[in-house]
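Reminder, nothing fancy here: chain letters follow the sequence lines and each chain counts from 1. The figures here come from the full heavy-atom set of this structure, side chains too, leaving out hydrogens, waters and symmetry mates. Because the structure is predicted, anything quoted here is derived from the model rather than measured.
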Amino acid sequence: MRLYDTRTRVVRPLQLQREGHVGIYVCGPTVQARPHVGHLRSAVALDVLHRWLLASGLEVTFVRNVTDVDDKIINDAQANGEPWWALSTRMTRAFTQAYDSVHVLPPTVEPRVTGHIPQIIALIELLVANGTAYASEGDVYLSVRSVPTYGEISNQNPDALRQGAADASLKRDPLDFALWKSAKPDEPSWPSPWGPGRPGWHIECSAMAVEYLGTTFDLHGGGLDLVFPHHENENAQSTAAGHGFARHWLHHGLITAAGGEKMSKSLGNSVLVTDALEATPPAVLRYALGTSHYRSTVEWSDTVLSESAAAYARIETFVRNATEAVAGVEPGESKVSWEEFAAAMDDDLNVSSALATIHNGVRAGNALLAAGELPALAATLAEVRRMLAVLCLDPVTDWPTSGSSELTPVVDALVQLAVEARADARERKDWTQADALRDRLAAAGITLEDTAGGVRWRLT
RNA sequence: GGCCGGGUGGCCGAGUGGCUUAGGCAAGGGCCUGCAAAGCCCUGUACGCGGGUUCGAUUCCCGCUCCGGCCUCCA
């Protein structure tokens, strides 16, 4: 499989350290506030990668961390009058719920920063010992100029970087960044060789990735906004420690609010996942977030959502109708090509193209259904569903909705009464009566379809 | 100012030096239906601007322009 690599800025084959196994580290959220749809896009984009690697027969170790201590968590918790760990625990739960809502596969390991302080300290000690980091009044900084490759991930020239605000009193060079921050009063802290303090933002990922994937691993992913400084700094630290670190860097695009501006909490334009789910069924949300290319920007708008809803409904209708029709039928020859789908996915996860294959399969399948060519339909349906499963969009296994409720048999029985009454009316050619019954059901959100095999109903 | 990505038909969005249509949504026509619904078939409008290379460029090269991201916390 080929993927765009941020460092080399080219689509190139994903070369695995170990045959048949992929080790992936993904930067998860800082659990400071409730997740917005941008966070979910991140998780879904990487979930498509995760699922495709699994579908390709690979064993995947997928590590996604949780940053559960940092400045903002501490500040917000203080503002709330609650302990910092209470806030981060609550928000961690909110993120897990958000991920679950769109069926993001759980990571193999989900390490928290606070659970890896010893590993972080050990890594910093190594950097201090080899002279690439230095302690300064209880803080520890990485000496960026000691890392010759600094800038290679983000393609930045260190000399051209705009210097940040001058809190540089403790730094030897303004480019240097903190590995360890000494504790201020009322802040959480852990004991260290440099005094009580806590990890800087970047060092955690370097330490946890190595803990679970080894000093060199296959793939590191995250949002485009993490390229600089976070991933640049991670790479610098790990390189300075003598680690090979990530062989391939993957970054996904961001969600923008309507109008094109990036969605983020600090810009105040974010849409919470919980709010999005009130207006949009989870399967449609999954479609909207998971069917655009992972590197593209996605605009969050009603248009996108309604088009996603329409496209997903088409797929859902086909799968439902076809599944009913082919029960017990021996599969014949499929009208869709798994190879075509796989080739698209292998090509830098070209989901748009892969989705075109699915839609072609749906159209062919609908034609087979109309023609009553059931063996071919059964085979086509199976292939389409296999493809949908990769995107987590199979209406039967991934999103069993109205059909699975405990109330369904009850509603079905009630609808049958109306359907039978309407059948009588149609028998008498009393179209006024028949249509009145259908209209009343429609008003209640139930759509009837007269098919060759009988009357079918669905919720709309 | 530096670095990255992008401007494709009404909308979203793949892709390619000419060859066969991406795909979805929307629109128009037809078929099916008592009428619908679902579905199938058909139809149309494309490749930001200006140069260059080429027999031929939306697709390669150069310049311009517009949009977004990063250079500060951020998925």
Say you pick atom C1' in B/rG5 and the same atom in B/rG48; how far apart are they, in whole Å? 16 Å

Of A/G253 and A/N157, the one whose closest nucleotide on RNA chain B sits nearer the 5' end is A/N157

Report the distance from atom CG of A/L355 to atom CZ of A/F341, rounding to the nearest 0.5 Å. 8.5 Å

Whole-Å distance, A/N269 CG to B/rG68 P, equals 13 Å

Whole angstroms only, please: what is the CG-P distance between A/D302 and B/rA26? 16 Å

Could you tell me how far B/rU16 sits from B/rG10 if I compare only their C1' atoms? Round to whole Å. 24 Å

Residue among A/T67, A/D71, A/N65 satisfying side chain to side chain contact (heavy atoms under 4.5 Å, CB included) with A/T30: A/T67

Validation: residues 418-436 of chain A side-chain donor-acceptor distances under 3.5 Å, sequence neighbours left out:
{"residue": "A/R422", "atom": "NH1", "partner": "A/D450", "partner atom": "OD1", "Å": "3.1"}
{"residue": "A/R422", "atom": "NH2", "partner": "A/D450", "partner atom": "OD2", "Å": "2.8"}
{"residue": "A/D430", "atom": "OD1", "partner": "A/Q433", "partner atom": "N", "Å": "3.1"}

If the condition is salt bridge (Lys or Arg N to Asp or Glu O under 4.0 Å), which residues does A/R247 pass it with, not counting sequence neighbours? none

Identify the stems formed by RNA chain B, where each pair is Watson-Crick or G-U wobble with both distances under 3.5 angstrom and a stem is at least 3 consecutive pairs. B:1-7 with B:65-71, B:10-12 with B:23-25, B:27-31 with B:39-43, B:48-52 with B:60-64

Quantified in whole Å, what is the P atom distance between nucleotide B/rC73 and nucleotide B/rC60? 36 Å

Which whole-number value in Å describes the distance from A/H231 NE2 to B/rU72 C1'? 16 Å

Please state the P separation for the pair B/rG39 and B/rU45 - nearest whole angstrom. 26 Å

Quick one: do A/H231 and A/H251 satisfy ring-ring contact (aromatic ring centres under 6.0 Å, His included)? Show the steps, please. CA-CA 10 Å; A/H231 289 165; A/H251 291 96; 4.9 Å; yes

Mind checking side chain to side chain contact (heavy atoms under 4.5 Å, CB included) for A/S136 and listing every partner two or more places apart, or none if nothing turns up? A/Y134, A/Y141, A/L170

Can you name the residues that form a ring-ring contact (aromatic ring centres under 6.0 Å, His included) with A/H50, not counting sequence neighbours? A/F62

Proximity to the side chain of A/T30 - top-ranked nucleotide from B/rA75, B/rG5, B/rG24: B/rA75

Kindly give the atom pairs (protein nitrogen or oxygen, nucleotide nitrogen or oxygen) under 3.5 Å for nucleotides 7-11 of chain B.
{"residue": "B/rC11", "atom": "O2", "partner": "A/E307", "partner atom": "OE2", "Å": "3.2"}

Please report the distance, rounded to the nearest Å, between CE in A/M387 and C1' in B/rG24. 17 Å

Would you confirm whether the ring centroid of A/H248 sits within less than 6.0 angstrom of the ring centroid of A/H220? no

Lys/Arg N to Asp/Glu carboxylate O, A/R2 vs A/D348, below 4.0 Å: no

Name the nucleic acid region contacted by A/G28, choosing base, sugar-phosphate or nothing; use a 4.0 angstrom heavy-atom cut-off, strictly under. sugar-phosphate

Between NZ of A/K262 and C1' of B/rG6 the distance, given in whole Å, is 17 Å

At under 4.0 Å between heavy atoms, what does A/I358 touch on the DNA or RNA strands: base, sugar-phosphate, or nothing? nothing

Can you pull out the residues from residues 289-296 of chain A that lie within a 4.0 Å heavy-atom distance of RNA chain B? A/H293

Side chains of A/Q32 and A/W84: does their closest heavy-atom pair fall under 4.5 Å? no

Pairwise C1' distance for B/rG52 and B/rC66, with rounding to whole Å: 22 Å

Would you indicate what A/Y4 reaches in the nucleic acid, counting non-hydrogen atoms under 4.0 angstrom: base, sugar-phosphate, or nothing? sugar-phosphate

For A/D47, give me all partners under salt bridge (Lys or Arg N to Asp or Glu O under 4.0 Å), at least two apart in sequence or on another chain. A/R51, A/R286

Rounded to whole angstrom, note down the C1' distance from B/rG69 over to B/rC61. 26 Å

Just the rounded figure in Å: distance from P of B/rG5 to CG of A/D5. 12 Å

Trace of the side chain to side chain contact (heavy atoms under 4.5 Å, CB included) decision for A/K262 with A/D225: CA-CA 10 Å; A/K262 172 182 147 182; A/D225 52 353; 3.8 Å; yes

Each nucleotide of nucleotides 28-40 of chain B classed B (base within 4.0 Å of a protein heavy atom), S (only sugar-phosphate) or -, in 5' to 3' order, makes ------BBBBSSS

Rounded to whole angstrom, note down the P distance from B/rG13 over to B/rC25. 16 Å

Establish, with yes or no, whether the OP1 or OP2 oxygen of B/rG15 is under 4.0 angstrom from a side-chain nitrogen or oxygen of A/N350. yes

So does A/K181 pair up with A/E187, basic N to acidic O under 4.0 Å? no

For B/rC4 versus B/rG44, give the span between their P atoms, rounded off to a whole number of Å. 41 Å

Side-chain donor/acceptor pairs under 3.5 Å, residues 373-391 of chain A, sequence neighbours excluded:
{"residue": "A/T380", "atom": "OG1", "partner": "A/K335", "partner atom": "N", "Å": "2.9"}
{"residue": "A/T380", "atom": "OG1", "partner": "A/A376", "partner atom": "O", "Å": "2.8"}
{"residue": "A/E383", "atom": "OE1", "partner": "A/R386", "partner atom": "NH1", "Å": "3.4"}
{"residue": "A/R385", "atom": "NE", "partner": "A/D394", "partner atom": "OD1", "Å": "3.4"}
{"residue": "A/R385", "atom": "NE", "partner": "A/D394", "partner atom": "OD2", "Å": "2.8"}
{"residue": "A/R385", "atom": "NH2", "partner": "A/D394", "partner atom": "OD2", "Å": "3.1"}

Among B/rC71, B/rA14, B/rG24, find the nucleotide with the atom closest to the side chain of A/H359. B/rG24

Just to be sure I understand the rule, does A/H252 reach a base, reach only the sugar-phosphate, or reach nothing, if contact means heavy atoms closer than 4.0 Å? base

Touch check for A/L254, heavy atoms < 4.0 angstrom, all strands: base, sugar-phosphate only, or nothing? base

Holding to salt bridge (Lys or Arg N to Asp or Glu O under 4.0 Å), I want the full list of residues that pass it with A/K265, two or more places apart in sequence or in another chain. none

Under 4.0 angstrom, heavy atoms only, what part of the nucleic acid is A/D70 near: base, sugar-phosphate, or nothing? nothing

Rounded to the nearest angstrom, tell me the gap between atom CD in A/Q156 and atom C1' in B/rC3. 5 Å

May I have the distance from A/N360 (atom CG) to B/rG23 (atom P), rounded to whole angstrom? 6 Å

Tell me what A/G38 touches on the nucleic acid: a base, only sugar-phosphate, or nothing, going by heavy atoms under 4.0 Å. base

In chain order, what residues pass the ring-ring contact (aromatic ring centres under 6.0 Å, His included) check against A/Y212, with sequence neighbours excluded? A/H116

Are A/Y312 and B/rG24 close enough that a side-chain N or O sits under 4.0 Å from OP1 or OP2? no

